[in-house]
Amino acid sequence: MYSEIQRERADIGGLMARPEYREWNPELIKPKKLLNPVKASRSHQELHRELLMNHRRGIGVDSKPELQRVLEHRRRNQLIKKKKEELEAKRLQCPFEQELLRRQQRLNQLEKPPEKEEDHAPEFIKVRENLRRIATLTSEERAL
């Protein structure tokens with residue numbers, strides 16, 4: 001097919017008149033073909049070379065980078081998880097189930113020991129208090 005197109009072009013080229021620069025005055029400057037600035041740029045050449053190499057290796061141009069695929073997979077999983085939670089929330093619309101859920105939360109809070117304020121204190125305060133306890137214990141042991 002490609003050879004047929006070339007033959008047709010050759011036939012058309014034979015019909016069209018080509019300018020013969022040799023017949024013109026030799027003092028005239030002969031025109032030169034202009035360079036395409038896009039194809040002449042180094043970045044375009046490197047991109048073209050990389051595309052050719054990928055094509056030879058069989059790597060598709062449409063393949064996405066690994067990071068993008070992982071992020072899309074995570075987004076998809078998050079959407080699925082969110083939809084499941086919404087469906088479960090709709091399923092728990094029944095007043096009886098809501099009351100059961102409230103009671104379960106209250107029981108969990110009662111079973112869970114209340115958190116002390118010391119747990120939220122900075123570490124150096126906890127260490128200082130531990131040192132005081134140790135110091136008082138050793139002084140009591142000495143007294144015995």
Requested in this report: Could you go through the side-chain contact (heavy atoms from CB on, under 4.5 Å) check for Q104 and L100 one step at a time?
Outcome: CA-CA 6 Å; Q104 184 182 8; L100 286 175; over 6 Å; no
Report task. Kindly determine whether N108 and K112 satisfy side-chain contact (heavy atoms from CB on, under 4.5 Å), including the steps that lead there. Result -> CA-CA 6 Å; N108 287 341; K112 192 175 186 182; over 6 Å; no
Report task. Could you walk me through whether R103 and R106 pass side-chain contact (heavy atoms from CB on, under 4.5 Å), step by step? Result -> CA-CA 5 Å; R103 287 185 184 188; R106 275 191 237 136; 4.2 Å; yes
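Ion pair E46/R49 not flagged as a salt bridge, since none of the NZ, NE, NH1 or NH2 atoms sits closer than 4.0 Å to an Asp/Glu carboxylate oxygen.
Using a 4.5 Å heavy-atom cutoff, the side chains of H55 and L51 are not in contact.
The environment of E123 atom CD is sparse: at most 12 non-hydrogen atoms of other residues, nucleotides or ligands sit within 6.0 angstrom. Atom CD of E66 sits in a sparse spot, with 12 or fewer heavy atoms from other residues, nucleotides or ligands closer than 6.0 Å.
The distance from atom CD of E72 to atom CG of N77, rounded to the nearest 0.5 Å, is 12.0 Å. A distance of 11.5 Å separates OG in S41 from CG in L35, rounded to the nearest 0.5 Å. Separation of atoms CD1 (I125) and CG (N130) is listed at 12.0 Å; rounding is to 0.5 Å.
Applying the side-chain hydrogen bond (donor to acceptor under 3.5 Å, both in side chains) rule to Q45 yields no partners; only residues at least two apart in sequence or on another chain are considered.
Within the structure, the salt bridge (Lys or Arg N to Asp or Glu O under 4.0 Å) test picks out no pair touching residues 73-87 (sequence neighbours left out).
Scanning all heavy atoms of the two residues, the minimum distance from K39 to H44 falls at CA-ND1, 3.7 Å.
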